[in-house]
Amino acid sequence: MKPQTSLTRAATGGALWMGGSLGLQVGIGLVAQVILATILSARDFGLFALVVSISYVLSSVGNFGIKTLMAQRSPGQIAAIRAPVFRAGMWAAALSALLLAAISPLAARLLDEPDLQMLLLVTASTFLLKPYTAIATAVLQARLEFARVAWALLLAAVSHYVVAIILAEAGYGALSLVVGMQVNAVVMVVALWVFSHRHTEPRAPGAVSTRDAATMARWPLAGEVAMDATGRIDFLMLGLFVTTEVVGLYYFAFQLVLRLNELLSGVARNVLFPALARMSDRRERQGAAVLRAGTMMALAGGAGAAALVASLLPIEEILWGGRWEAAVPAMMLLASVAPGQAIQSAVEQLLKARAQFRRWTAVITVRAVGSALVALVVGAVLGDSATATGIAVAIAIFIVVEAIIEVIVIGAGLGIPVGRYWMTTLPIWAVLVAGGWGVVGIVSGWNLDPWVAAAMSTGMVVLLAAGVGAVLWRLNR
């Protein structure tokens, strides 16, 4: 009984630390995006989106599936595989960096963006830091020392955006966004070393070989690569057919809504997953935890999405005076489906916690490939007439359909009552998001000052979310 209480307290504390840190990161990221959007152009954001699309998959190879692989293990077990996994990860990161450098001229020619080559070369410069970051994070999470991970993430985020804003103001364009990412990687390594180097576990006897470590990591690695490709590879598919400016508008909308997804999915990945992994012999308890997490994800995600949908029009007018108006409908559409991604994320953590990495990889790969194909088809069909809104409509439909089918398919195999899961989460998602769109319809007809409209819209959503939360509380007493 005592271990369960200890685990519950650790998971609760971890949720508070990670949620608080991620919340601050989201807030800082939003402020930074607001500032950067007043300095940079849609083309700058489009170039950065192409950099992310091309480099992110290769960059995640350097993580080598380490966080996923190690999250199921105790600190002592991690000590037995840490060194060989690190060596294998360094080899993978080095090869990925060389490959990115080699393809950078080809990518620049294919997309008709000469500046892209230099941006990709800068991006490759920090690939070798990825294995250490992944291992240090996994070790701290295995000890349930979420506060240290939270502080490292927060310090890296602040450094990232401060440098990016300074360089953007100095006129470096898309390069400011790329260099900001590199600063993030360096500060993250330094912070993790400071927080973890005094508590390094001794090497365990009989450690596995580098080849064995690579074999163990193959499915976690494939899953993490597919996860990082999801949504981001879309920019490359779009860039083949539409202008960089349109890619930039869609990326701007995607990135703003991603803040909400990062907050919700980050807590699930960094707290729910490690906690579930330590309940491996208590499957009923795992299922109950996923049901509760899914409900909370639906409530928090739905409230956040409704607030974004309701307030984006007046906020854009306040902050940018119409400069990014063309991206607002895309933001609203993507925000509307974000709760579904959070809901499915809770189920995915159980799949990983039970070490079903091959199945998890298949699920994420289907999602990544499906989203990329939708983007490719939309870009090819619409061509020069493509808009950020048209792209967002197609992607949003795919996200909803994929989320529902995924939970039905994998949830049943995990022993989760899928019908009950969706009967609880789907109405919360639908009511809150519909309420957000309803607020837009009400407030837009009043011809209010943007500040008043934003305040009223947010207030109405808060009341709606409070009402939904009260109903849930009464039903679950």
Side-chain angles (χ1 to χ4, degrees), residues 19-20 22-38 249-250 252-264 295-343 387-389 392-393 396 400 425-474:
L22 288 168
L24 285 172
Q25 290 175 64
V26 167
I28 293 167
L30 283 172
V31 171
Q33 187 167 349
V34 167
I35 296 171
L36 290 166
T38 64
L249 286 169
Y250 176 70
F252 187 81
F254 174 89
Q255 191 67 16
L256 189 143
V257 176
L258 184 64
R259 311 292 180 189
L260 176 61
N261 282 334
E262 285 177 341
L263 179 60
L264 298 169
T295 302
M296 293 307 300
M297 291 285 190
L299 181 59
L308 280 176
V309 168
S311 59
L312 277 170
L313 283 169
I315 285 177
E316 192 283 331
E317 188 174 349
I318 293 168
L319 296 177
W320 302 301
R323 182 175 183 177
W324 292 94
E325 185 178 3
V328 171
M331 296 180 200
M332 296 168 72
L333 287 164
L334 294 175
S336 298
V337 300
Q341 295 172 296
I343 292 167
T387 63
T389 303
V393 168
V400 172
T425 57
L426 193 56
I428 299 171
W429 172 16
V431 167
L432 288 171
V433 170
W437 282 96
V439 169
V440 172
I442 294 171
V443 174
S444 62
W446 289 346
N447 196 27
L448 299 172
D449 175 83
W451 286 98
V452 176
M456 288 192 66
S457 298
T458 304
M460 293 169 74
V461 169
V462 169
L463 290 175
L464 174 63
V468 173
V471 171
L472 284 175
W473 180 76
R474 287 184 62 86

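Keep in mind that what you see is a predicted model, and the values were worked out from it rather than measured.
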Which heavy-atom pair separates [X] from [Y] by the least distance, and what is that distance?
X      : Y      : answer
Ser311 : Ala307 : OG-O, 2.5 Å
Ile318 : Ala454 : CD1-CB, 4.3 Å
Ala330 : Ala253 : CB-CB, 3.7 Å
Leu333 : Ala392 : CD1-CB, 4.1 Å
Met331 : Leu312 : CB-CD1, 3.5 Å
Ala326 : Thr389 : O-OG1, 4.1 Å

Pairwise side-chain contact, Leu256 with Gln33, heavy-atom cut-off 4.5 Å (strictly under):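 Leu256 vs Gln33: side chains touch.
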
Excluding sequence neighbours, so at least two apart, what forms side-chain hydrogen bond (donor to acceptor under 3.5 Å, both in side chains) with [X]?
X      : answer
Glu316 : none
Glu317 : none
Ser336 : Trp437

Any pair counted as side-chain hydrogen bond (donor to acceptor under 3.5 Å, both in side chains), so long as it reaches residues 300-309, sequence neighbours left out: none

Got a sec, which residues hit side chain to side chain contact (heavy atoms under 4.5 Å, CB included) with [X], two or more places apart in sequence or on another chain?
X      : result
Ala338 : Val257, Leu260, Asn261, Gln341
Ala396 : Val337
Ala37  : Phe252, Trp320, Trp324
Ala300 : Leu264

Under 3.5 Å donor-acceptor, Thr38 side chain and Ile35 backbone: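 Pair found, side chain donor or acceptor close to backbone of Ile35.
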
By ring pair (Phe, Tyr, Trp, His ring centres under 6.0 Å) - contacts of Phe254 (at least two apart): Phe235

Identified side chain to side chain contact (heavy atoms under 4.5 Å, CB included) partner of Trp429 from the options Leu432, Thr425, Val431, Val433: Val433

Rounded distance (nearest 0.5 Å) linking atom CE of Met297 with atom CD1 of Ile428: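 Going from CE on Met297 over to CD1 on Ile428, the span is 13.0 Å.
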
Indicate every side-chain donor-acceptor pair of residues 462-470 with a distance under 3.5 Å to a residue at least two apart or in another chain.
none

Which pairs of donor and acceptor atoms, one on a side chain in residues 438-453, lie under 3.5 Å apart (sequence neighbours left out)?
residue	atom	partner	partner atom	Å
Ser444	OG	Val440	O	2.7
Ser444	OG	Gly441	O	3.2
Asp449	OD2	Trp451	N	2.9

